[in-house]
Amino acid sequence: MTVKRVRWEREIPSRLAVDVLVVGGGPAGIAASLSAARLGASVLLVEQQGCLGGLGTSGLVPGFCPMSDGERVIVGGIGREVVDRLRERGGTGADDGPEQWDWIAFNPESLKVLYDEMVGEAGVGVRFFTTLVDVLVEGRQVRGAVFSGRSGPYAVEARTFVDATGDGLLSYLSGAACEIGDEAGRLQPPTLCSIFAGVDWETFKGWREGDQPGAAVQRAVEQAIKEGFFSSPDRHHSGAWRTGRRLAGMNVGHAHGVNGADDEQLTEGIIRARRVVQENFAFYRKYVRGFEEAELAATAALLGVRETRRVVADYMLSEGDFVARRSFADQIGRYNYPIDLHPPAATDADYEAFLAEFRGEYVYGAGQSYGIPLRSLIVRDLDNVMVAGRCMGTDRKMQGSTRVMPCCFITGQAAGVAAAMAAGGDGAVRKVESGLVVEGLRKDGAYVPRA
Ligand SMILES: Cc1cc2nc3c(=O)[nH]c(=O)nc-3n(C[C@H](O)[C@H](O)[C@H](O)COP(=O)(O)OP(=O)(O)OC[C@H]3O[C@@H](n4cnc5c(N)ncnc54)[C@H](O)[C@@H]3O)c2cc1C
């Protein structure tokens, strides 16, 4: 199809000039804004939804992936602070304990309020309901970003930028190279997360007996498939998290074949995903003990997109680095979650390959982790832009590990420190010494062992 092109040109107000402009208010953007503001930079954080948290709140993703390596907590700094403060106010799941650092369920409403408080305390300026639509670029320098708000379009100028959009949108609009999908362009499928109310967790636990969490549900999924219950059978079933006394945060079902960086596909995908949720809701009520009286309370505002653009950075962290548990001279943190690439299609072959990777070859032993270099957060084609979170510089396999929220806190915090330090000079992020970034991170509680 040939796309007709039109020219877009108009004079708009430039409303604000800040040291650091962060676009995207998910875990990466929150950590970046907080760390930059705590270093004294003036920071604006722009978010298209009406709350902070990204997929963890607007997307109803129900919990944090592991934050420990089995021997110690390796997600320190802002990530740990979020969990500590959430725990203090009873915002983590009903089964949570003080020393639980693996799989921490949370209530999204508590998390939203906590994030509001944290950015308020740090003096971060926030704009909700405001969408990045364009950038002002001169050569390799981004000078400003253009937003669409309720009052119309306007610009914000900044010395440095953090792309925390999850989709690498700021970098992409600025002309930076991005990668997407595998060799065939295939992507992980999105999931529309939801909340079930009225769940009898004690009955559920009794039904599960000595099983690994999820094993009994998996057997029920296989049974239901055999009985022809599902219109689109899918053996990969992530499952339910206990986010409240009688609440379940649900990460179930996939909308295969959706590219989350394509508006038409995203629209069709969320419509299809709502039907998938209805079917899974009916499945739980019929097949899963403890869910007989459940009610579907909500589906998320955002479709849970796992993977779109990966921004090309100075160093693309790779599967090879994961396998080698590699350390880097400029590492800003370490992480250990297995490579978790949800199968692009609901075939048995794809599912078996996923199991072999996620439950097999990509699982680390206790005490093992990989380093994350600062260079993977520096956008290769630009001078004053950092990238963090699920769109940081990795190959496709590695993104299956770095995409989860604890790692997004790690990379966001480091991007924010580097951006603030660069903004103290002429904005050039490569001029900031990685040793200084590490020093800044350690002062704010981050775990950065020497390479
Ligand atoms: C279904 C699903 C289940 C998952 N399960 C887990 C799990 O169990 N545990 C875990 O730790 N992680 C999980 N993850 C991964 C994790 O939730 C995300 O990868 C993570 O939230 C990414 O963080 P981020 O800050 O990079 O981006 P996001 O959380 O996606 O945040 C990006 C933010 O940018 C905003 N934005 C985007 N474009 C614009 C724009 N143009 N203008 C303004 N704002 C914009 C978005 O509204 C959003 O708030 C899951 C992901 C999915 C999809």
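Please read all numbers here as calculations on a predicted model, not as lab measurements. Just so you know, ligand 1 is whichever comes first in the structure, and atom 1 is the first atom listed for that ligand.
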Exercise for review: Take the angle between the ring planes of Phe147 and Tyr154 and call it parallel below 30°, perpendicular above 60°, tilted in between.
Suggested key: tilted
Review point. Roughly how far, to the nearest 0.5 Å, is NE2 of His342 from CG of Asn251?
Key: 6.5 Å
**Study point:** Sequence neighbours excluded, every pair satisfying salt bridge (charged side-chain N to carboxylate O under 4.0 Å, His left out) that has a member inside residues 46-74
**Key:** none
Practice item. Under the side-chain contact (heavy atoms from CB on, under 4.5 Å) rule, collect the residues that match up with Gln278, sequence neighbours excluded. Key: Leu296
Point to revise | Sidechain-backbone polar pair: Asp330 side chain, Ile332 backbone, donor-acceptor under 3.5 Å | key: no
Provide, line by line, the atom pairs where ligand 1 and the protein bring an N/O atom each to a distance under 3.5 Å; else say none.
residue: ligand 1; atom: 8 (O); partner: Gly63; partner atom: O; Å: 3.4
residue: ligand 1; atom: 9 (N); partner: Gly63; partner atom: O; Å: 2.8
residue: ligand 1; atom: 9 (N); partner: Cys65; partner atom: N; Å: 3.4
residue: ligand 1; atom: 11 (O); partner: Cys65; partner atom: N; Å: 3.0
residue: ligand 1; atom: 11 (O); partner: Met405; partner atom: N; Å: 3.0
residue: ligand 1; atom: 12 (N); partner: Met405; partner atom: N; Å: 3.4
residue: ligand 1; atom: 19 (O); partner: Arg403; partner atom: O; Å: 2.6
residue: ligand 1; atom: 25 (O); partner: Pro27; partner atom: N; Å: 3.3
residue: ligand 1; atom: 25 (O); partner: Ala28; partner atom: N; Å: 3.0
residue: ligand 1; atom: 26 (O); partner: Arg390; partner atom: N; Å: 2.9
residue: ligand 1; atom: 29 (O); partner: Leu55; partner atom: N; Å: 3.0
residue: ligand 1; atom: 30 (O); partner: Arg390; partner atom: NH2; Å: 3.2
residue: ligand 1; atom: 41 (N); partner: Leu132; partner atom: O; Å: 3.3
residue: ligand 1; atom: 42 (N); partner: Leu132; partner atom: N; Å: 2.9
residue: ligand 1; atom: 44 (N); partner: Gln48; partner atom: N; Å: 3.1
residue: ligand 1; atom: 47 (O); partner: Glu47; partner atom: OE2; Å: 2.6
residue: ligand 1; atom: 47 (O); partner: Gln48; partner atom: NE2; Å: 3.1
residue: ligand 1; atom: 49 (O); partner: Glu47; partner atom: OE1; Å: 2.6
residue: ligand 1; atom: 49 (O); partner: Glu47; partner atom: OE2; Å: 3.0

Review point. Looking at residues at least two apart in the chain, or sitting in another chain, which of them share a side-chain contact (heavy atoms from CB on, under 4.5 Å) with Val61?
Key: Leu55, Cys193, Met405
